[in-house]
Amino acid sequence: MKTTHSNSRRNFMKFVGASSLFAVTPSMAADTTTPHIVVVGGGFSGATCAKYLKMWGGSSVNVTVIETNPTYVSPILSNLVLNGQKTISDLSFTYGDLSSKYAVNMIHSTVDSVDQTNQSLTLANGHSVKYDKLVLAAGMDFIKVNDYDITKVPHAWKAGEQTDLLKEQIDAMVDGDTFTMTIPAAPYRCPPGPYERACVVADYLKNVKGFSNCKINVLDANAKITVEADTFGAKFAEYGVVYTPSTTVTAVDDNTKTLTYTENDVSKTLDSTVLNVIPNQKAASIVFTAGVNSGNWAPINPLSYESVMANGIYIIGDSQGTGQPKAGHIGNSEAKVCADAILRTLNGVALYPSPKTNSACYSPTSTTEASWLSGVFKYDANSHSMVLANIAAGESDTSNYSKMFLWSGNLFSDTFS
């Protein structure tokens, strides 16, 4: 399950050659300024895209990342914070290597507005930034059913403070308490993630804390377990998880930890000690600010990830609307296709006609076991879309648990180092 670099770059080099990529730059610089590519978002997609633009483009491009936070906390492995096997510090990454190794400019702020006509961004800190190409890699946002307090009912789906809040609540549980979590309607970030979390929490309460009377409820907006159904279904049975599909959350009371939902068009309520609501999701707010959304997601050309609604704006990662999963590993893969496409466009080279991406992940199901899932997507010229070309999975066992850290370590390094 090793993260591999996209072969689109190798094909790009066949077209322009390693030396000619840089040979083009002086003539461009003589007539115009060096192209400035701005990447909004410093997660797996944004950081990877910035890194590879500079690795492959060198001094022929200037690259700036606009990211609110100076430290990125990985959602990958964050469920292991809930059972004490990882800390937020373990999963925190800075942007020092992007700056020092690859000369990526970092701005820690948020974008207030996008002026497509003048190719300019206005930032919350009052500054403006001009761009020649704009990459939106800001992740996803939530669709909450009502304005409840997420410090009382945490989602923990953006890792960091939220993860620690949920851990504190779980650690305060006593035998006989109830933990309830909800799974959003697809598509959402990390398809196996909620099922993984239910397993990790159930194992922690039962086998680590030694509780025999706690109840674990999982209310799924989907009609069935969406991925690795046999693996997660077996683990739910082993842990005694009460799984209810086809449910719709209609209200959350953060004070009483009461969930109101419908099941088969019948309204029901459920009280819990710890309530973990993972809301339905949509593209990040910057996508709507830029006006490149259609519904909740951003339609793009899969050959480049350029918006079909605005020239020169690219969307990668969770916000893209290709039908590919929304997760860190495939975001890293999409970023390389996008970086390659931008450099080709700047150098007048045709886009690589048959990109592939890979979505892979390991899911812990206890303190000692994990499963894995991998899907390869390829571009289909007839439908102009990315289609699933191959899928494989591995059952939950101890061997996969150790491999999980090799996979994640490689991905972390490829993105941030």
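Residue indices begin at 1 and follow the sequence shown.
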Of the non-hydrogen atoms in [X] and [Y], which two are nearest, and what is the gap between them?
| X | Y | result |
| --- | --- | --- |
| His329 | Ala360 | CB-O, 3.2 Å |
| Gly43 | Tyr72 | CA-CE1, 3.5 Å |
| Pro35 | Ser60 | CD-O, 3.4 Å |
| Arg197 | Ala156 | NH2-O, 2.6 Å |
| Leu303 | Val337 | O-CG1, 3.9 Å |
| Gly295 | Asn293 | O-ND2, 2.9 Å |

Flag the pair [X] / [Y] as yes when at least one side-chain heavy-atom distance between them is below 4.5 Å, and no otherwise.
| X | Y | result |
| --- | --- | --- |
| Leu343 | Tyr52 | no |
| Met404 | Pro364 | yes |
| Asp164 | Glu161 | no |
| Ile391 | Phe377 | no |
| Leu123 | Ile107 | yes |
| Thr269 | Leu259 | no |
| Leu270 | Asn217 | yes |

Atom [atom1] in [X], atom [atom2] in [Y]: separation rounded to 0.5 Å?
| X | Y | atom1 | atom2 | answer |
| --- | --- | --- | --- | --- |
| Ser417 | Tyr102 | OG | OH | 7.5 Å |
| Asn296 | Asn280 | CG | CG | 9.0 Å |
| Ile150 | Trp157 | CD1 | CH2 | 15.0 Å |
| Thr256 | Asp254 | OG1 | CG | 8.0 Å |
| Tyr362 | Trp372 | OH | CH2 | 7.0 Å |
| Phe236 | Ile225 | CZ | CD1 | 5.0 Å |

Side chain to side chain donor-acceptor pair (under 3.5 Å) for Ser285 and Asp141? Distances and angles first, verdict last.
CA-CA 7 Å; Ser285 61; Asp141 209 346; 4.8 Å; no
[X] (side chain) donor-acceptor with [Y] (main chain) under 3.5 angstrom:
| X | Y | answer |
| --- | --- | --- |
| Gln169 | Lys152 | yes |
| Ser78 | Pro75 | yes |
| Lys101 | Gly96 | no |
| Gln116 | Ala290 | yes |
| Ser408 | Phe405 | yes |
| Asn400 | Ser396 | no |
| Ser413 | Asn410 | no |
| Lys54 | Asn62 | no |
| Glu306 | Gly312 | yes |

Residues [X] and [Y] bridged, charged N to O under 4.0 Å:
| X | Y | value |
| --- | --- | --- |
| Asp340 | Arg344 | yes |
| Asp147 | Lys144 | yes |
| Asp318 | Arg189 | yes |
| Asp253 | Lys257 | no |
| Lys130 | Asp115 | no |

Within the 3.5 Å criterion, strictly below it, is a donor on [X] or [Y] matched to an acceptor on the partner's side chain?
| X | Y | value |
| --- | --- | --- |
| Asp203 | Ser366 | no |
| Tyr188 | Asn222 | no |
| Asp380 | Ser383 | yes |
| Tyr95 | His108 | no |
| Tyr314 | Asn301 | no |
| Thr122 | Ser113 | yes |
| Ser267 | Thr262 | no |
| Thr151 | Asp149 | yes |
| Asp220 | Tyr195 | yes |
| Thr182 | Asn276 | no |
| Thr48 | Asn332 | yes |
| Thr180 | Ser272 | yes |
| Thr367 | Gln85 | no |
| Ser371 | Glu395 | no |

Near [X] [atom1], under 6.0 Å, is it more than 12 heavy atoms from other residues, nucleotides or ligands?
| X | atom1 | value |
| --- | --- | --- |
| Glu263 | CD | yes |
| Asn125 | CG | yes |
| Asp230 | CG | no |

May I ask you to decide if the ring planes of Phe412 and Phe44 are parallel, tilted or perpendicular, using 30° and 60° as cut-offs?
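Phe412 and Phe44: parallel rings.
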Applying side-chain contact (heavy atoms from CB on, under 4.5 Å) to Val81 and Asp90, what does each step give before you reach the verdict?
CA-CA 9 Å; Val81 173; Asp90 294 332; over 6 Å; no
Passes side chain to side chain donor-acceptor pair (under 3.5 Å), Gln324 versus Thr357? Steps please.
CA-CA 9 Å; Gln324 295 176 100; Thr357 56; 2.5 Å; yes
Only one of Val287, Val40, Leu121 forms a side chain to side chain contact (heavy atoms under 4.5 Å, CB included) with Val114, so which one is it?
Leu121
